[in-house]
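Before any comments, here is the structure.
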Protein chains: 2
Amino acid sequence: MRPTLQTVADAVGVSRSTVSNAYSNPDQLSAELREKIFEVARKIGYPGPNPAARSLRRGRAGAIGVLFTDSLPYAFTDPYAVQYLRGVSEAAERYDSGLLLVPLAGDEKAGIHAVQNAAVDGFCIYCVPEWHWATDAIRSRGLPIVTSEQHDDDRPDVLYVGIDERGAARAAAAHLVALGHRQVAFLSDYVVPERITAPVHIASPEEVRYYTAGERLRGFRDAFAEAGVAWADITVLSAAANSREDGARAAAYALDRADRPTAILAVTDLLALGVLDALAVRGLRPGRDVSVTGFDDIPEAGAAGLTTIRQDPIERGRRSGELLLDPPDDPASRRVLLPTELVVRASTGPAPHGWS
Amino acid sequence: MRPTLQTVADAVGVSRSTVSNAYSNPDQLSAELREKIFEVARKIGYPGPNPAARSLRRGRAGAIGVLFTDSLPYAFTDPYAVQYLRGVSEAAERYDSGLLLVPLAGDEKAGIHAVQNAAVDGFCIYCVPEWHWATDAIRSRGLPIVTSEQHDDDRPDVLYVGIDERGAARAAAAHLVALGHRQVAFLSDYVVPERITAPVHIASPEEVRYYTAGERLRGFRDAFAEAGVAWADITVLSAAANSREDGARAAAYALDRADRPTAILAVTDLLALGVLDALAVRGLRPGRDVSVTGFDDIPEAGAAGLTTIRQDPIERGRRSGELLLDPPDDPASRRVLLPTELVVRASTGPAPHGWS
DNA sequence: TTGAAAGCGTTACCAG
DNA sequence: CTGGTAACGCTTTCAA
């Protein structure tokens, strides 16, 4: 039989509480007794207080959960997600908390079970839209939650860390407007429920059900609408996933047309880098023949000379973790808006003549 | 008061077991009753079975722990570590298991507590040497363990996934030997207990207490010893951390000497890339003036034209996770040795004349 | 400083 | 298919 606290207590000849104190409240007993208890424990192979039992009794898990819509492996593929995780882990480490990555992918039933089984004190939700099937399961856990998406319902128990997605996207688009671009394409994943790489028709960004993609497309639209470019005159390209390959594939649909756009605005750097790849293949010069913007400013963006919106994913993760682990009483501080910055590089330039 | 299983049972008018079955054994009751139970649960705000209680009762946690010597944030900085995590997460996801990252950094006491408190069914240990202070705590949990380091004691309950570190390093060094290099430097982190960036004197690789660094240095030595180059004639450079910057800094000590080596062998790509940086600053041509080898073949290595040893960290992580979650009965299969491959790129070339 | 008793919320077993 | 009963292993008063 596996030894328990009781086993040790009996072996030493003290009560359970004393052994428990030896592990959890060292100042409640003499140093010698404590040492003796540890020694006996080692001898009979007692593995220390069972975490589940302790957590049950204490009512806290000592870990925070991180939820991704996309599969767990994806979290380690997307550089932005990795940075975010890094930030969360910094907070977790500082508060002596573990970090539990909860697999939400694939099977709906498995995902819900994973959420219900997660031994955590709260969730950092990274990319799970409000209407996702897991949302109910997450909420009904009744644990504190930090989201990165603004929600309509202002639930006071929901913490938030994010950026002004729409405003930032608008700034990127305004930059292109100022450069004279009028014939443009928007490139995004999660535009339509289907995971396809193709041009798609949507009546407006309001149709997009993913918060981030939707807000960014709204921002793009805002700036061009102001310049007199109607939504209907803008090509919307859907990418099956947020990857370089899908970005390149999607861009092809716009670049191989006779009336190719003078600029392509992507909702992420990864997609934008794909666009650059597609340009290179065709011998088109970024910033001269076709301007390209991204979003996030991942490390590769700098090397590629990509004009983009900079945001700090580590800070985002860190603040998320901190908010979860140490929520402020002041309601205003429970919603954090992080700054962004337009970084202009070589991938954008004046619109070529003869098109506008 | 927070509702419990009992609360729901009372509200519906059934026994606890029935409610429990509704959640955990759906085939033990009628679909209607099950639905009714869920409905009532929702109404009174029952968050579902408490994971701690469930885990206590069932005796399994539904998560695997991952341990890093370095701080949690570091795990997300090192590209190799990220890939490894990705692999582990693939296995976790497939087995419907969570992934708990346990913070082992900084304070010894906090780290030990973290290990003891981790609600997991086993550990994947990434870079924790056998003599690390956490080792006792980890072992005494009595849980299955997958290491990436060979241990002397052949504990049958310790699973292992790794590569032939020494043989692979030897292959890299043999490549340089064949190219005529005789005056060389080895660059490694964890050579000495102190975290310093400087040339160091160690009597032999056997002195190195970190498994990976030690084995790789041993491999380097083997090949050069065979070519008649004595250990004493080889410069050993220590890097304070496995980073590009420290690699460059350490390389400076060798490159700025009159009798600079014709080749520098680094134990990781990150360090080797730093060496390339140091060469560039000095106008030295890799593969011509100074040859450089790395280890791992991280993505950046290809772009930089770095000769290196390729290993597959995703596979390594995946196999580790699988081994932990589904250990084979056959003892032989409990130790997995993954293949490696010497990838020759532009950073190595014949030794310049006049030196050898 | 120590010990006895009372749960924490579940699930497993077994008889109905 | 249902419902008692008995753990699971611990922490936490509170009194000695």
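Here is the naming used below: chain letters follow the sequence lines, and residue numbers restart at 1 for every chain. These figures come from a predicted structure and were not determined experimentally.
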Q | Separation of C/dT1 C1' from A/Asp27 CG (nearest whole Å) | A | 11 Å
(Q) Please encode protein proximity along nucleotides 8-16 of chain C as a string of B, S and -, counting only heavy-atom distances under 4.0 Å. (A) BBBBB----
Q. When we call it a touch if two heavy atoms are under 4.0 Å apart, what does B/Ser30 touch: a base, just sugar-phosphate, or nothing?
A. sugar-phosphate
Q: Anything under 30° is parallel, anything over 60° is perpendicular, the rest tilted; go ahead and classify A/Tyr23 against A/Tyr46.
A: perpendicular
Q: Ignoring hydrogens and angles, tell me if any N or O in the side chain of B/Arg141 forms a donor-acceptor pair with the backbone of B/Val115 under 3.5 Å.
A: yes
Q) Tell me: CZ of A/Arg60 to C1' of D/dC10, nearest whole Å? A) 16 Å
(Q) Regarding A/Arg318 and A/Glu315, does a basic nitrogen lie under 4.0 Å from an acidic carboxylate oxygen? (A) yes
Q) Can you tell me how far P of C/dT1 sits from CZ of A/Arg34, to the nearest Å? A) 13 Å
Q: Quick one: do B/Arg316 and B/Tyr80 satisfy side chain to side chain donor-acceptor pair (under 3.5 Å)? Show the steps, please.
A: CA-CA 10 Å; B/Arg316 191 165 176 167; B/Tyr80 187 82; 3.2 Å; yes
Q: For the pair B/Phe68 and B/Tyr84, name the ring-plane relationship: parallel under 30°, tilted 30 to 60°, perpendicular over 60°.
A: perpendicular
Q) So B/Ser140 and A/Arg42, side chain to side chain donor-acceptor pair (under 3.5 Å) or not? Walk me through it. A) CA-CA 8 Å; B/Ser140 50; A/Arg42 200 171 318 126; over 6 Å; no
Q.
Taking only side-chain N and O atoms of B/Ser15, does any of them lie within less than 4.0 angstrom of OP1 or OP2 on D/dG4?
A. no
